[in-house]
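Just below is one structure, and these are the notes that go with it.
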Amino acid sequence: MHLARAIHFDESDINVFHSPARTGEWAVSGGFEFSNWSEGDLVGKARQAFANGWLGCETFGRVTFVAVTRIEPAEYDALVEHLAQHFVTVYGAPSLEASRPVAIEELDHMAELCADHAPNTVLTVLRELTDAGVREQYRYIEASEAGIEQFAIHGSLDEE
């Protein structure tokens with residue numbers, strides 16, 4: 001199974017999000033955080049988090065880019081529990097038992113987004129508020145392989 005990890009190409013996330021995600025942590029869309037938002041909530045760094053921030057599943061900070069990578073079953077199971085606990089602690093879910101299926105649904109959605117892409121494919125998200133709620137669009141940037149000529153040292157092995 002594939003999920004995605006937070007990646008940073010520069011330090012801009014530190015400046016644009018209230019709480020940036022840590023490089024390497026597992027990430028999900030996290031659109032659920034905005035389910036009851038209105039235009040009035042979309043100001044400053046909160047607007048940036050809404051517009052294009054993935055949710056890190058360890059720090060619960062936001063990140064602009066994530067990259068597809070393989071997740072081991074034990075990591076997935078721990079992630080389910082951590083996300084379920086987040087739903088209890090932050091959103092008032094009545095119990096881990098009640099929040100676990102929601103955590104699995106969120107992770108399954110992310111796994112679906114990653115399923116048809118090779119490792120190291122970069123994903124971005126773009127959100128907008130509509131009359132029907134939050135709409136998310138995803139963009140995939142495939143990893144390009146460097147040609148051997150970029151690394152090869154040209155010369156001769158023959159001694160003169």
Could you walk me through whether Glu33 and Arg62 pass the salt bridge (Lys or Arg N to Asp or Glu O under 4.0 Å) check?
-> CA-CA 11 Å; Glu33 183 175 16; Arg62 292 285 171 169; 2.4 Å; yes

Before giving the answer on side chain to side chain contact (heavy atoms under 4.5 Å, CB included), spell out for Ile7 and Val66 the whole-Å C-alpha distance, their side-chain angles and the decisive distance to 0.1 Å.
-> CA-CA 5 Å; Ile7 60 170; Val66 295; 5.7 Å; no

Would Ile104 and Tyr76 satisfy side chain to side chain contact (heavy atoms under 4.5 Å, CB included), going step by step from the backbone distance to the final call?
-> CA-CA 9 Å; Ile104 290 169; Tyr76 178 85; 3.8 Å; yes

Could you walk me through whether Cys57 and Val28 pass the side chain to side chain contact (heavy atoms under 4.5 Å, CB included) check?
-> CA-CA 7 Å; Cys57 292; Val28 294; 3.8 Å; yes

Checking side chain to side chain contact (heavy atoms under 4.5 Å, CB included) for the pair Ile14/Glu11: CA distance, chi angles, key distance, verdict?
-> CA-CA 6 Å; Ile14 293 170; Glu11 295 186 13; 4.0 Å; yes

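The CG atom of Leu123 sits 14.5 Å away from atom CZ of Arg5, with the distance rounded to the nearest 0.5 Å. Here Leu3 contributes atom CG and Met110 contributes atom CE; the two are 7.0 Å apart, rounded to the nearest 0.5 Å. The CZ atom of Arg22 sits 14.0 Å away from the CG atom of Asp13 when rounded to the nearest 0.5 Å. Atom CG in Leu107 sits 10.5 Å away from atom SG in Cys114 (nearest 0.5 Å).
Nearest heavy atom pair, residue Ala21 against residue Ala6, reads CB-CB, 4.3 Å. In plain terms, the two heavy atoms of Ala27 and Trp54 that are nearest each other are CB-CB, 4.3 Å.
Counting heavy atoms from C-beta outward, Leu83 and Val102 have side chains that stay 4.5 Å or more apart. Between Val134 and Leu129 the shortest side-chain heavy-atom distance falls below 4.5 Å. Proximity of Lys45 to Phe17: side-chain heavy atoms (C-beta onward) are nowhere separated by under 4.5 Å. Side-chain atoms of His2 and Thr69, non-hydrogen and from C-beta on, never get closer than 4.5 Å to each other. Residues Leu126 and Arg139 form no side-chain contact, since every pair of their non-hydrogen atoms from C-beta on lies 4.5 Å or further apart. Contact annotation: the side chain of Glu72 approaches that of Glu75 to within less than 4.5 Å [non-hydrogen atoms, C-beta and beyond]. With contacts defined as side-chain heavy-atom distances shorter than 4.5 Å, the pair Phe32/Phe87 qualifies. Contact of the Ser99 side chain with the His86 side chain is not registered, since no non-hydrogen atoms from C-beta on lie closer than 4.5 Å.
Checked against a 6.0 Å centroid threshold, the rings of His8 and Phe65 do not count as neighbours. Between His117 and Tyr138, the distance separating the two ring centers is not shorter than 6.0 angstrom.
Ser29 and Glu106 share no side-chain donor-acceptor pair at under 3.5 Å. Checked by atom type, the side-chain pair Asn52/Thr64 shows no donor-acceptor distance below 3.5 Å.
Both Tyr140 and Val68 are members of a single hydrophobic cluster when ILVMFWY side chains are connected at heavy-atom separations under 4.5 Å. Criterion: ILVMFWY side-chain heavy atoms under 4.5 Å apart, direct or through other members. Under it, Val125 and Ile141 are not part of a common hydrophobic cluster. Both Val80 and Val90 are part of a single hydrophobic cluster, where members link through side-chain heavy atoms under 4.5 Å apart.
For the pair Glu25 (side chain) and Glu58 (backbone), a donor-acceptor distance under 3.5 Å is present.
Around atom CZ of Arg100, more than 12 heavy atoms belonging to other residues, nucleotides or ligands sit under 6.0 Å away.
Classification of the Phe50-Trp37 ring pair by plane angle, with boundaries at 30° and 60°, yields parallel.
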